[in-house]
Amino acid sequence: MIWAVLLLNGLIMILNSKSKYDLESTLYSGQSFLWDPIQDENLKTHEVILNKTRYRARQIYDQVEMVYPLHPNETQIKVLENYLRVDDDLSEIYKSIQSDNYLLSAFNKFEGLHLLRQDPWECLVTFICSSNNNMKRIKLMLRKLINSSGNTLNDSFGEYKTFPTPSQIIDAGEDNLRSMGFGYRAKYIFETSKIILKDNIDLKKLRSQNYYDNLNQLTMFPGVGDKVANCVMLFSLDNLNAFPVDVWINRVLRETYLNDNVNKIHDSKLRSHFQDYFGENSGYINHYLFHSRRNDD
DNA sequence: ATCGAACCTCCAAT
DNA sequence: AATTGGAGGTTCG
């Protein structure tokens with residue numbers, strides 16, 4: 001009854017999710033490094049900047065509550081719902097997959113884990129940074145980049161920064177990027193920014209385009225190989241059949257799906273094999289395998 | 001074509 | 001306390 005009152009008064013803004021949503025698993029499962037947990041009235045709230053606006057969200061039962069902007073307009077609600085992929089019907093995806101014990105256990109343990117629909121430019125920079133790197137340092141690098149090169153905006157919580165555009169990264173310069181701790185990735189980020197600017201590339205136009213066309217396009221950027229390209233496609237370009245193969249996926253494939261020594265098989269060959277094996281939602285499966293394998297102790 | 005090594009930097013484990 | 005090796009890969013020879 002309290003619910004009804006709160007809902008009617010518009011005090012609680014619950015996003016319209018098709019199935020159970022596990023916000024924390026989703027935000028911190030290694031697909032985005034741009035969310036920050038903040039303490040809010042003893043509840044765990046999470047913050048991110050999307051489309052130059054600050055957004056805050058938290059788990060409420062099996063759904064997501066949008067707690068900021070305070071009285072969001074339709075567009076703002078759509079932005080967050082779109083980003084969080086609340087329309088994905090996970091129960092359909094769980095059902096569509098041929099059952100094996102490892103996946104069943106993963107679905108059960110992380111029920112509600114969603115893929116995100118991130119901004120492709122931010123996603124591209126993020127995953128170029130991720131090579132030979134760990135989550136903590138990736139977050140630190142991105143934080144430094146945003147703080148030093150992004151635009152400063154204001155809202156009722158105070159100042160916040162937007163993600164730098166390609167030209168802002170070019171303005172920073174490769175040396176500056178190195179001093180921020182990017183290491184050899186500084187050149188990749190810098191050169192990629194130059195290409196995007198010079199060729200006037202709108203990465204969002206790659207959405208829903210052919211998987212292989214996107215793969216070819218993305219791997220033309222320096223610092224982007226098969227793995228990074230598949231991450232960008234899966235986490236920002238709606239290519240749900242993308243299948244990034246990293247060391248963790250390698251492990252789980254070797255331990256659970258193959259008898260042979262997987263190390264002898266090239267990553268891109270593994271990738272295409274398991275795309276065929278798992279089918280059109282292989283990207284979702286990939287992320288459950290990845291997250292599950294990283295959290296199994 | 002294929003295969004190691006090298007690449008920046010941080011940090012946990014010797 | 002100094003050194004080594006690995007970390008959610010890519011590139012170069």
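- B/dC3 atom P lies 8 Å from atom NE2 of A/His266, rounded to whole Å.
- Sequence order on DNA chain C of the closest nucleotides to A/Phe235 and A/Lys187 puts A/Phe235 first from the 5' end.
- Between A/Lys18 and A/Glu92, no side-chain nitrogen of the basic residue sits less than 4.0 Å from a carboxylate oxygen of the acidic one, so the salt-bridge criterion is not met.
- You'll find the side chain of A/Val252 stays beyond 4.5 Å of the side chain of A/Ser292, heavy atoms only.
- Contacts of A/Gly225 with the nucleic acid, taken as non-hydrogen atoms under 4.0 Å apart, involve only primed sugar atoms and P, OP1 or OP2.
- No contact: A/Pro244 has no heavy atom under 4.0 Å from any strand.
- For A/Lys144 and B/dC10, the NZ to C1' distance is 10 Å, given to the nearest whole Å.
- Note on A/Asp267: nothing from the nucleic acid sits closer than 4.0 angstrom, heavy atoms only.
- If you look at A/His287 and A/Phe235, their ring centroids are closer than 6.0 Å.
- A/Arg293 comes within 4.0 angstrom of no nucleic acid atom, judged by non-hydrogen atoms across all strands.
- At a cut-off of 3.5 angstrom, the base of B/dC8 holds at least one donor-acceptor pair with the side chain of A/Arg185.
- Taking every nucleotide of DNA chain C with any atom under 4.0 Å from a non-hydrogen atom of chain A, the first and last of them, 5' to 3', are C/dA7 to C/dT11.
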Study note, to complete from the structure: Given Watson-Crick and G-U pairs under 3.5 Å, DNA chain B in dot-bracket ([ ] crossing, | other strand) is ..|||||.||||||
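- In summary, the side chains of A/Tyr184 and A/Ser131 do present a donor paired with an acceptor at a separation below 3.5 Å, with no hydrogens or angles considered.
- Side-chain atoms of A/Ser156 and A/Tyr68 form a donor-acceptor pair, as typed in the model, at a separation below 3.5 Å.
- Nucleic acid contact class of A/Thr219 (heavy atoms, under 4.0 Å, all strands): none.
- Put simply, NZ on A/Lys136 is 11 Å from P on B/dC10, counting in whole angstrom units.
- At a threshold of 4.0 angstrom between heavy atoms, the contacts of A/Phe182 with the nucleic acid are absent.
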